[in-house]
Amino acid sequence: MRTAMDILREKGGGVYCTTPTSRVIDAIHMMNRHKIGALVVMSEDQVVGIFTERDVLCRVVGEGHNPADVIVGDVMTRDVAVCRPSAELDEISAVMQQQRVRHLPVVDENGHLHGLISIGDVNACHASEQQQQIHYLSDYIYGRA
């Protein structure tokens, strides 16, 4: 079964980040420019939060704040669900389902950020594994294996 590091190697480990002192409007522009739904919030090389589309809707727009006047640290999600680089796909899926999150930073024991896995990455991996299994079973059934 694929691990978090396998997924990151396949998709590339680049992560878009921001800081707690960044203005929300700048974070939103970055998310729009890169067509992403979340930014990892970093302070001194440590993950201190995650800023997502849901944060924008609930804590900025929903509360009537001007995005130009609010900083990320005031509206980010602080209790960040993370996974280890060795976490397997089923474990990653379970964490996302149980925590009701769509983005999971991959962080090692020292707090070093390795990448970010999205629900789209997880779904693509599941689809790929299912396609491989279908191909294997088809070959088996029709005597090609």
Side-chain angles (χ1 to χ4, degrees), residues 1-140:
M1 172 137 326
R2 291 182 190 158
T3 66
M5 286 307 291
D6 295 332
I7 296 168
L8 292 178
R9 271 192 290 280
E10 289 174 20
K11 76 173 245 175
V15 182
Y16 292 101
C17 298
T18 190
T19 66
T21 58
S22 297
R23 292 181 318 144
V24 166
I25 192 71
D26 297 328
I28 292 170
H29 287 310
M30 182 186 300
M31 291 165 67
N32 286 336
R33 184 172 46 255
H34 297 291
K35 297 178 174 64
I36 55 174
L39 297 170
V40 177
V41 184
M42 302 289 292
S43 180
E44 299 179 17
D45 295 329
Q46 294 293 310
V47 175
V48 295
I50 190 162
F51 182 69
T52 68
E53 296 164 321
R54 185 173 292 151
D55 295 324
V56 173
L57 289 174
C58 295
R59 297 188 184 129
V60 180
V61 175
E63 294 185 11
H65 296 297
N66 181 344
D69 297 335
V70 179
I71 61 169
V72 170
D74 290 340
V75 294
M76 69 184 183
T77 300
R78 293 179 185 279
D79 188 20
V80 184
V82 299
C83 70
R84 297 287 181 228
S86 60
E88 292 187 347
L89 183 59
D90 287 343
E91 179 184 347
I92 295 166
S93 295
V95 169
M96 287 182 164
Q97 183 179 16
Q98 291 163 1
Q99 299 290 322
R100 299 181 50 87
V101 296
R102 294 179 290 159
H103 301 90
L104 207 56
V106 179
V107 179
D108 64 23
E109 302 79 30
N110 299 319
H112 179 257
L113 178 66
H114 288 267
L116 183 68
I117 295 177
S118 73
I119 190 69
D121 301 327
V122 171
N123 289 341
C125 286
H126 280 302
S128 174
E129 287 185 356
Q130 288 172 348
Q131 188 61 38
Q132 289 173 0
Q133 189 172 22
I134 289 168
H135 181 72
Y136 171 78
L137 291 172
S138 177
D139 284 352
Y140 179 78

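For the numbers below, each heavy atom of this structure counts, side chains included, while hydrogens, waters and symmetry mates do not.
Listed by chain and number, the residues in a side chain to side chain donor-acceptor pair (under 3.5 Å) with R54 amount to none (sequence neighbours excluded). Residues passing the side chain to side chain donor-acceptor pair (under 3.5 Å) test with S118 are D121, sequence neighbours excluded. With sequence neighbours excluded, the residues forming a side chain to side chain contact (heavy atoms under 4.5 Å, CB included) with I71 are D74, listed by chain and number. A search for ring pair (Phe, Tyr, Trp, His ring centres under 6.0 Å) contacts involving H65 returns nothing, not counting sequence neighbours. For V75, the side chain to side chain contact (heavy atoms under 4.5 Å, CB included) test picks out V24, F51, R59, V60, V70, with sequence neighbours left out. The salt bridge (charged side-chain N to carboxylate O under 4.0 Å, His left out) search around D90 returns none, not counting sequence neighbours. With sequence neighbours excluded, the residues forming a side chain to side chain contact (heavy atoms under 4.5 Å, CB included) with D108 are P85, N110, H112, H114, listed by chain and number. In this view, T21 and T19 satisfy the side chain to side chain contact (heavy atoms under 4.5 Å, CB included) rule, not counting sequence neighbours. Residues meeting the side chain to side chain donor-acceptor pair (under 3.5 Å) test with H29, sequence neighbours left out: none. Every residue was checked against the side chain to side chain donor-acceptor pair (under 3.5 Å) condition with R84, not counting sequence neighbours, and none meets it. The salt bridge (charged side-chain N to carboxylate O under 4.0 Å, His left out) check on E88 picks up nothing, with sequence neighbours excluded.
In this structure, CG in L116 is found 5.5 Å from CD1 in I50, a value given to the nearest 0.5 Å. The distance from atom CD1 of I92 to atom OG1 of T3, rounded to the nearest 0.5 Å, is 7.0 Å. A distance of 11.0 Å separates CZ in R23 from OG1 in T18, rounded to the nearest 0.5 Å. Here the CG-NZ distance, from D6 to K11, works out to 13.5 Å after rounding to the nearest 0.5 Å.
Closest non-hydrogen pair, V48 versus S43, comes out as CG1-CB, 3.8 Å. Here the shortest heavy-atom pairing between C17 and L39 reads N-CD2, 4.4 Å.
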Side-chain atoms of residues 95-107: list all donor-acceptor pairs with protein atoms under 3.5 Å, sequence neighbours left out, distances to 0.1 Å.
none

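A 6.0 Å sphere centred on CG of D45 holds no more than 12 heavy atoms belonging to other residues, nucleotides or ligands. Remark: D79 CG is loosely packed, at most 12 non-hydrogen atoms of other residues, nucleotides or ligands lying under 6.0 Å away.
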